[in-house]
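Please read these numbers as outputs of a predicted model, since none were measured by experiment. So that the names make sense, note that chain A is the first sequence line, chain B the second, and so on, each numbered from 1.
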Amino acid sequence: MFVKGANFNVKQIADSGQCFRMNLIEKDKYSLIAYDKYLELSQIDDETVKLSCSEDEFKDIWIDYFDLNYDYGKIIQLLSDGEDPFLRKITDFGKGIRILQQEPFEAMISFIISQNKNIPAIKSCIEALCSRYGEPKVSTVENNNTYYAFPTPYALAQAESTDLLQLKTGYRDQYIIRASQAVMEGLIDFNYLKKCDSTEALKVLKSVHGIGDKVANCILLFGLHHIEAFPVDVWIKKVLEEIYHNDFPLEKYDGFAGIVQQYMFYYMRCCPDKSFG
DNA sequence: TGCCAGGGATAAC
DNA sequence: GTTATCCATGGC
């Protein structure tokens with residue numbers, strides 16, 4: 001089926017570092033595994049994306065996954081009309097990005113793995129984790145190909161440390177196991193964390209061994225849809241230092257700071273011409 | 001080869 | 001409260 005509308009760019013989303021199971025298949029065409037489903041997306045033109053799913057599946061899963069009920073145009077207009085020249089530039093550069101609503105558990109484990117790794121390494125580690133602990137599935141999209149769902153909390157709570165080390169998790173093995181156990185035990189309740197305010201949710205997430213400020217904010221933003229969350233990694237830190245001299249007025253973007261953060265991240269990672277200012 | 005990566009825990013100041 | 005050190009490993 002086809003999705004029409006501005007501010008939905010598959011390449012920009014795939015390269016925005018939110019999810020790690022979205023990959024280029026051929027020019028303008030990407031595969032994605034999420035919510036136990038396999039999906040292919042093709043960018044037909046600036047305002048058209050083709051999805052390989054049925055309309056029912058689109059309504060059930062992907063419309064929320066891609067946050068298609070949220071008006072990004074309004075935020076983009078606001079930033080484009082603002083007085084900050086850097087924000088005007090990066091908003092124009094990344095205006096096809098959307099904040100994904102990923103499965104909270106997948107976001108939690110993925111961003112625990114992400115620490116001190118680059119994106120290609122994160123991707124291969126997560127793929128290894130999925131093929132080892134995830135449920136095998138068969139897609140009807142193309143050639144009945146087999147893929148693996150993201151592992152359940154139950155599966156990872158019982159994982160062996162030595163086994164995880166073979167999947168290149170490095171020193172994060174116990175982080176993964178203990179976080180999964182916290183979910184199984186109900187110490188982490190994603191439904192509650194979605195509903196409560198982000199300060200409270202941040203505190204709860206950081207109570208898990210291996211989840212610090214940055215990872216917790218990524219879980220908030222990409223798994224719990226707290227779009228006010230503002231994760232600061234090495235790239236964002238660079239923006240805050242080099243562009244704003246550590247005086248970025250975050251409070252001006254209250255309520256949607258996470259979107260601004262994504263424009264910053266995507267620009268820093270992907271703009272071929274990073275002439276600042 | 002050495003440095004960096006969507007960091008965090010812990011020890012040491 | 002803030003800073004230094006260590007962690008395991010792939011990517012480039």
Report summary line: Applying salt bridge (charged side-chain N to carboxylate O under 4.0 Å, His left out) to A:Glu127 and not counting sequence neighbours gives A:Arg21
Query raised in the report: CG of A:Asp46: more than 12 outside heavy atoms within 6.0 angstrom?
Result: no
Query raised in the report: For A:Ile122 and B:dG7, what is the distance between atoms CD1 and P respectively, to the nearest whole Å?
Result: 7 Å
**Report entry** Euclidean distance, atom CD1 of residue A:Ile211 to atom P of B:dA9 [Å, nearest integer]
**Finding:** 9 Å
Requested in this report: Would you kindly give the NZ-to-P distance between A:Lys238 and B:dC4, to the nearest whole Å?
Outcome: 10 Å
Report task. Have a look at A:Ile236 and say if it touches a base, only the backbone sugar-phosphate, or nothing, with a 4.0 Å heavy-atom cut-off. Result -> base
Report summary line: From NZ of A:Lys237 across to P of B:dA5 the rounded distance in Å is 11 Å
Query - Test ring-ring contact (aromatic ring centres under 6.0 Å, His included) applied to A:Phe20 - qualifying residues, sequence neighbours left out - result: A:Phe111
Query raised in the report: Just how far, in rounded Å, is C1' of B:dC4 from CE of A:Met268?
Result: 15 Å
**Report entry** Rounded distance in Å - CZ (A:Arg269) to P (B:dA5)
**Finding:** 10 Å
Requested in this report: Identify whether any heavy atom of A:Gln262 sits under 4.0 Å from a base atom; if not, whether one sits that close to sugar-phosphate; answer base, sugar-phosphate or nothing.
Outcome: base
Query raised in the report: What pairs with A:Tyr192 under ring-ring contact (aromatic ring centres under 6.0 Å, His included), at least two apart in sequence or on another chain?
Result: none
Query raised in the report: What is the nucleic acid contact for A:Gly17, judged by heavy atoms within less than 4.0 Å: base, sugar-phosphate only, or nothing?
Result: base
Query raised in the report: Looking across every strand, which nucleic acid part, if any, lies under 4.0 Å from A:Ser110 by heavy atom: base, sugar-phosphate, or nothing?
Result: nothing
Requested in this report: Would you give a per-nucleotide map of nucleotides 7-12 of chain C, 5' to 3', where B means the base has a protein non-hydrogen atom under 4.0 Å away, S means only the sugar-phosphate does, and - means neither?
Outcome: BB-BS-
Query - Cationic N near anionic O, under 4.0 Å, A:Asp213 to A:Lys206 - result: yes
Query raised in the report: Just checking A:Asp213: base, sugar-phosphate only, or nothing, at a heavy-atom cut-off of under 4.0 Å?
Result: sugar-phosphate
Report task. Would you mind classifying the nucleic acid contact of A:Tyr266 as base, sugar-phosphate or nothing, using non-hydrogen atoms under 4.0 angstrom? Result -> nothing
Query - ring-ring contact (aromatic ring centres under 6.0 Å, His included) against A:Tyr148, all qualifying residues, sequence neighbours excluded - result: none
Query raised in the report: Got a sec, which hydrophobics cluster with A:Leu100, joining ILVMFWY side chains under 4.5 Å apart, including via others?
Result: A:Met1, A:Val3, A:Phe8, A:Val10, A:Ile13, A:Met22, A:Leu24, A:Tyr30, A:Leu32, A:Tyr35, A:Leu39, A:Leu41, A:Val49, A:Leu51, A:Phe58, A:Ile61, A:Trp62, A:Ile63, A:Tyr65, A:Phe66, A:Leu68
